[in-house]
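Taking it in order: structure first as structure tokens, then the write-up.
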Amino acid sequence: MKNQKETNRYDHIKIEKKWPHEKLSAVQNKGAGFSRGKQNIYNHLSIEKKWQALWSKGKVNKTTEAGNKPKCYVLDMFPYPSGDGLHVGHPRGYIATDVYARYKKMNGFNVLHPMGWDAFGLPAENYAIKNKISPDIAMKKNIKRFKSQLQMIGLNYDWEREVSTIDPKYFKWTQWIFLQLFKKGLAYESYAPINWCPSCKTGLANEDLDGDKCERCGTTIEKKPMRQWVLRIRDYADKLLEGLDNLSWPEHVKELQRNWIGRSEGAEIEFKLTPKNLNLKTIKVFTTRPDTLFGLSYVVLAPENSLVDELKPHINNWDKIENYRKEIKGKSEIDRTAEGKEKTGVELKGIKAINPVDSKEVPVFISDYVLANYGTGAVMAVPAHDDRDYAFAKKNNLPITEVIVPVRIDKRNPPVAGKKDVERRNVHVIVKNTKTGMYLGLKWKKFNWTTFPMGGVEEGETILEAAKRELFEETGYKNVKAGVVLGGQVRAEYFAAHKDQNRISYTNAVYFELINEEKEKINKEEDETHEVIWLTEKDIHSDIMTHAEMDIWLERLSGNIAYTGEGEMINSEQFNKRKSEEIVKGITEFAGGKMTTTYKLQNWVFSRQRYWGEPIPVIHCEKCGVVAVPEKDLPLKLPKVKFYEPSGTGESPLAKMDKWVNTKCPNCKGKAKRETNTMPQWAGSSWYYLRYMDPKNSKSLVDKKIEKYWAPVDMYVGGTEHATRHLIYARFWHKFLYDIGVVSTTEPFRQLRNQGMILGSDNRKMSKRWGNVVNPDEVVKNVGADTLRVYESFMGPFEQEIAWSTDSMIGSRRFLEKVWKLQNKVADKFIDDEDTIILLNKTIKKVGEDIESFNANTAISSMMIFANVLEGKEGISKNTYLAFIKILSPFAPHFCEEVWSAFGGKKMIVLESWPKYDEGKLKSSKSKIVVQVNGKVRATIEVESDAGQNIIEKNIASNEEVQKWLIGKDIKKIIFIKNKIINFVV
RNA sequence: GGGCGUGUGGCGGAAUUGGUCUACGCGCACGACUCAAAAUCGUGUGAGGAAACUCAUGUGGGUUCGAGUCCCACCACGCCCACCA
């Protein structure tokens with residue numbers, strides 16, 4: 001835990017402390033007399049205003065497709081313009097992309113860097129309901145405020161390309177894309193139960209849930225069957241998966257998407273039902289473990305599975321089934337799925353399922369441990385090899401058949417080649433003394449072994465009998481409670497040194513608890529072989545115990561009896577003795593099943609029963625059924641309504657707008673009604689990056705030539721929270737648009753970066769609730785946009801979340817003032833010393849590389865170092881100073897424009913090019929060598945660069961500091977790395 | 001339970017990818033300037049020790065001439081998924 005800082009004096013910019021600029025008049029009075037600047041104090045207020053106006057007037061951000069520069073498309077995830085305006089955390093990503101875009105521009109790229117608004121969605125609508133104001137008007141107001149805030153920070157967007165999802169000229173194309181999906185059969189109506197938020201009164205996609213709660217309002221969601229539009233994103237699951245491999249995205253985001261898609265390969269197995277003569281429907285199950293089919297104990301359906309209803313006439317206990325279904329409906333998803341929850345279920349009496357591999361009949365259950373929407377909504381249960389099935393089988397007294405034997409090869413006593421192989425049935429006896437908590441063990445005298453009492457199972461003996469006998473023979477203990485056989489056999493291969501043979505043992509473990517410590521004397525032979533010892537719970541571990549089966553015994557001792565790994569087949573007729581992983585295909589074929597793939601990814605529930613979204617452009621005709629709105633009639637605008645409240649009946653408020661709803665069928669001109677569901681907020685954001693390329697096109701969503709020029713997005717920056725929604729939806733739509741020839745690339749975003757959130761100074765998420773919100777307007781007013789930009793760049797690694805500290809921000813302001821004051825030292829004809837030249841070149845290189853890799857924090861740091869060095873110099877050449885100003889300009893653009901123009905820069909600095917560093921001037925003629933003795937630093941010496949080992953050794957010969965450590969010692973080895981280190985090993 | 005990630009001064013964080021641990025910044029202390037304060041500038045600032053030195057990157061091992069960095073185990077925290085058959 002980090003210490004909670006006390007509330008800081010400077011939080012929320014309540015200025016009790018004087019900021020440096022407020023005292024600048026004093027500096028002026030002292031006559032800080034550089035003459036070039038029109039003003040000799042750094043007044044951020046006037047400078048920022050001035051340059052924002054000049055940029056706008058000069059249209060420096062206007063982007064066209066003309067010219068032969070290489071293109072670079074830099075994109076921010078566009079914001080949802082909330083009523084609260086920006087807080088200081090929002091611009092972190094925007095500043096980073098702005099720096100990147102400016103840098104790319106200075107490096108000769110034709111940069112597209114646009115901004116827009118994601119303005120449909122629930123918050124606006126809820127605001128509208130509460131304040132009785134049209135969401136359209138409210139959003140337009142918010143957009144205005146957001147825009148002015150972004151401009152105030154000096155972000156160089158091409159505002160002529162601004163887009164907004166609520167603009168009919170924009171959502172015309174959102175609707176158009178839906179129609180194409182509809183025409184290709186990728187949008188369909190479904191009546192399946194979906195997630196229903198009783199508070200927001202709308203259906204939600206899986207992605208919109210936070211556990212079992214509505215992500216927006218925190219209300220527990222219900223499953224509710226209703227008519228809805230669904231997009232077949234699953235059809236693109238494999239493409240979405242494969243496409244990830246070639247993207248320059250953070251690995252963890254790709255992994256998140258892979259997990260979300262959740263591809264899983266397995267088999268579909270069909271179970272015929274009895275009574276046979278009725279020709280009942282079959283139960284299809286999905287399983288990743290068809291190899292365990294001979295261990296089948298029962299079959300389970302999800303309670304919601306519609307097959308249950310179809311079987312109703314043949315089920316004798318329907319009332320129980322109905323009760324169970326009701327019971328489940330009353331429970332939340334969390335209650336149903338809570339870990340360690342008892343497995344409940346009801347058998348479907350009257351029918352049985354037939355195992356296709358051995359024709360045995362097994363019972364059929366419904367249970368809520370089977371999910372309706374994964375796989376086929378039905379499962380084959382093999383209790384011996386699945387934890388859930390095991391728990392269910394134990395509770396309901398169902399048979400448990402082992403079909404896979406785990407295989408272990410003893411690493412400490414591996415089988416020896418050339419020795420005889422002997423197969424044995426063994427037992428390991430695990431005895432706990434419950435009074436002391438200790439376990440009984442044997443310490444072998446001739447070998448370095450520690451084992452449990454153990455031995456062979458003899459002909460005609462049960463496992464328990466053998467265990468008791470061995471325990472008595474080897475230790476003399478005789479009074480134990482009834483034993484428990486810990487699961488099935490384990491195969492182990494090892495070399496039995498005491499018998500000089502390789503053993504292939506099939507071993508069961510038996511667990512006993514000691515009643516008392518009474519024991520008989522054991523025979524001499526046993527006594528000479530091993531000594532009886534007591535082991536602590538910690539001792540019974542693979543490090544100490546010799547048994548190769550130890551890991552499995554421990555699992556089983558802790559209650560995990562079902563073995564879910566691979567192994568050797570038993571009880572499986574012709575498949576016996578084979579490796580389980582090798583028979584998967586064979587047994588599937590034998591069972592008449594087929595190999596198949598399933599996904600966790602659900603199809604995208606695409607309709608919302610709310611007002612503030614794009615109307616879904618279809619018409620329900622009494623005769624023709626569902627008909628697409630003709631493309632020429634797009635955009636299909638929202639009608640004006642008086643009330644925005646959702647009805648709660650599963651109809652959107654649009655349903656009450658008779659005038660709007662009642663229409664004619666475009667086909668037969670007969671009576672028809674409009675679809676009243678609207679699209680989710682994710683619709684508009686799934687393709688906006690395409691519209692920026694060609695925002696005013698009225699003929700197509702993007703011109704093909706223009707799309708080919710700009711696509712794909714080269715750098716996309718936004719929060720990780722979009723990893724599984726926006727970024728999957730957008731990729732899905734993009735791939736669809738590729739398939740219908742609208743776009744030319746298979747992936748929309750080539751590179752992706754996630755910015756970490758900026759937290760309040762109390763380490764909590766910035767929010768009104770905590771009162772820790774810092775407003776950028778205040779910061780910009782007090783210290784300037786440039787200081788804000790430098791600070792947010794400097795505060796820490798870009799991807800990491802970090803707490804805001806107004807206190808620390810003063811360092812960034814001081815840095816800019818320092819650079820400002822350096823103007824005094826600049827002289828046209830000054831000749832910089834070697835150090836300065838080298839550091840300048842190094843700094844140019846470092847800052848460029850850091851911008852490319854989004855490590856702005858170290859870029860700023862290296863510029864601070866450079867400024868500190870310059871401050872200590874007698875003078876600075878104009879060239880050096882201006883090169884420095886150029887590399888600072890992406891971070892502090894207004895500031896640098898001002899300085900640049902004061903020094904007579906003709907073009908604006910934003911249009912200048914990035915300084916080139918001189919490869920030959922990155923190294924100084926001297927270098928520091930670290931001298932180590934046995935890896936410890938004893939001295940550093942300065943020698944000519946690239947000096948060889950003998951020169952350095954000579955140098956060291958007269959160095960007392962080092963000689964002190966070398967005198968009287970044998971030098972065994974010398975490690976030398978040029979220009980870095982010399983290490984004497986003595 | 002599964003996946004991903006993090007752990008370095010009083011604080012935010014650097015560390016050329018195995019080569020001087022703590023750059024840069026904040027804070028703090030002292031000094032200069034000032035009647036005084038602020039601002040600014042300068043010096044110092046991981047711990048122990050008078051010093052020589054020693055010890056320090058969550059803990060414990062290992063590899064190496066040399067480990068914050070690589071390997072193994074553990075601890076703590078964060079995020080995502082979670083009865084996924």
Side-chain angles (χ1 to χ4, degrees), chain A residues 1-3 5 17-27 30 32 211 250-256 258-260 262-264 266 285-289 292 300 336-341 343 367-371 373-382 385-389 391-392 543 560 564 598-600 720-721 723-724 791 794-797 799-805 807-812 814-815 817-818 821 846 855 857-858 860-865 867-868 871 928-940 964 972-975 977 980-986:
Chain A
M1 264 291 278
K2 305 221 161 142
N3 289 333
K5 268 197 191 165
K17 183 174 186 167
K18 293 286 185 189
W19 286 96
H21 75 275
E22 294 183 79
K23 284 289 158 185
L24 283 173
S25 54
V27 177
K30 271 196 202 164
E251 257 333 294
H252 73 272
V253 175
K254 292 206 238 175
E255 206 49 36
L256 233 46
R258 287 191 192 107
N259 289 342
W260 191 266
R263 182 191 155 100
S264 156
V285 307
F286 173 77
T287 177
T288 53
R289 296 301 298 273
T292 62
V300 203
R336 272 181 65 171
T337 59
E339 201 163 330
K341 195 216 114 192
K343 303 264 177 291
S367 170
D368 64 353
Y369 87 81
V370 175
L371 306 175
N373 48 18
Y374 181 74
T376 58
V379 163
M380 58 174 240
V382 183
H385 303 292
D386 182 282
D387 293 322
R388 295 151 299 179
D389 298 343
F392 190 86
D543 290 346
N560 299 325
T564 55
T598 191
Y599 305 89
K600 281 202 271 185
T720 333
E721 68 272 18
T724 50
Y791 174 61
F794 181 60
M795 58 195 307
E799 342 57 77
Q800 229 167 79
E801 63 175 24
I802 196 159
W804 177 264
S805 163
D807 242 5
S808 297
M809 192 166 56
I810 197 169
S812 302
R814 282 186 190 141
F815 164 62
E817 284 184 7
K818 189 178 282 183
K821 278 188 263 169
K846 171 113 182 102
N855 291 313
N857 55 331
T858 49
I860 301 287
S861 154
S862 65
M863 287 189 284
M864 284 172 168
I865 293 170
N868 290 345
E871 200 183 27
K928 275 184 184 167
I929 305 287
V930 174
V931 185
Q932 297 184 334
V933 178
N934 280 350
K936 292 212 164 140
V937 180
R938 296 305 180 187
T940 56
K964 192 164 78 183
K972 286 182 193 152
K973 201 172 166 188
I974 300 172
I975 285 122
I977 294 162
K980 268 187 184 163
I981 203 164
I982 184 159
N983 186 11
F984 296 90
V985 185
V986 297

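With both pairing distances under 3.5 Å, B:A32 is matched to B:U40 as a Watson-Crick or G-U wobble pair.
Separating the CG atom of A:Leu256 from the C1' atom of B:A82 is a distance of 13 Å, rounded to the nearest angstrom. Across the protein-nucleic acid pair, A:Asp807 atom CG and B:G13 atom P stand 16 Å apart, rounded to whole Å. Here B:C80 presents its P atom at 10 Å from CD of A:Glu801, a figure rounded to the nearest Å. Summarising the geometry, the separation between CZ on A:Phe815 and P on B:C26 is reported as 12 Å, rounded to the nearest angstrom. The nearest whole Å value for the distance from the CD atom in A:Glu721 to the P atom in B:C79 is 14 Å.
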Close N/O contacts between protein and nucleotides 16-21 of chain B (under 3.5 Å):
residue : atom : partner  : partner atom : Å
B:G19   : N2   : A:Gln932 : OE1          : 3.1

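Base orientation of B:U17: syn, since the glycosidic angle falls within 90° of 0.
Considering only side-chain N and O atoms, A:Tyr369 lies nowhere under 4.0 angstrom from the phosphate OP1 or OP2 of B:A85. For A:Arg814 and B:G27, the shortest distance from a side-chain N or O to OP1 or OP2 is below 4.0 Å. Phosphate proximity of B:C53 to A:Lys964: present, with a side-chain N or O under 4.0 Å from OP1 or OP2.
Comparing B:A23, B:A52, B:A14 by their closest approach to the side chain of A:Ser861 singles out B:A23.
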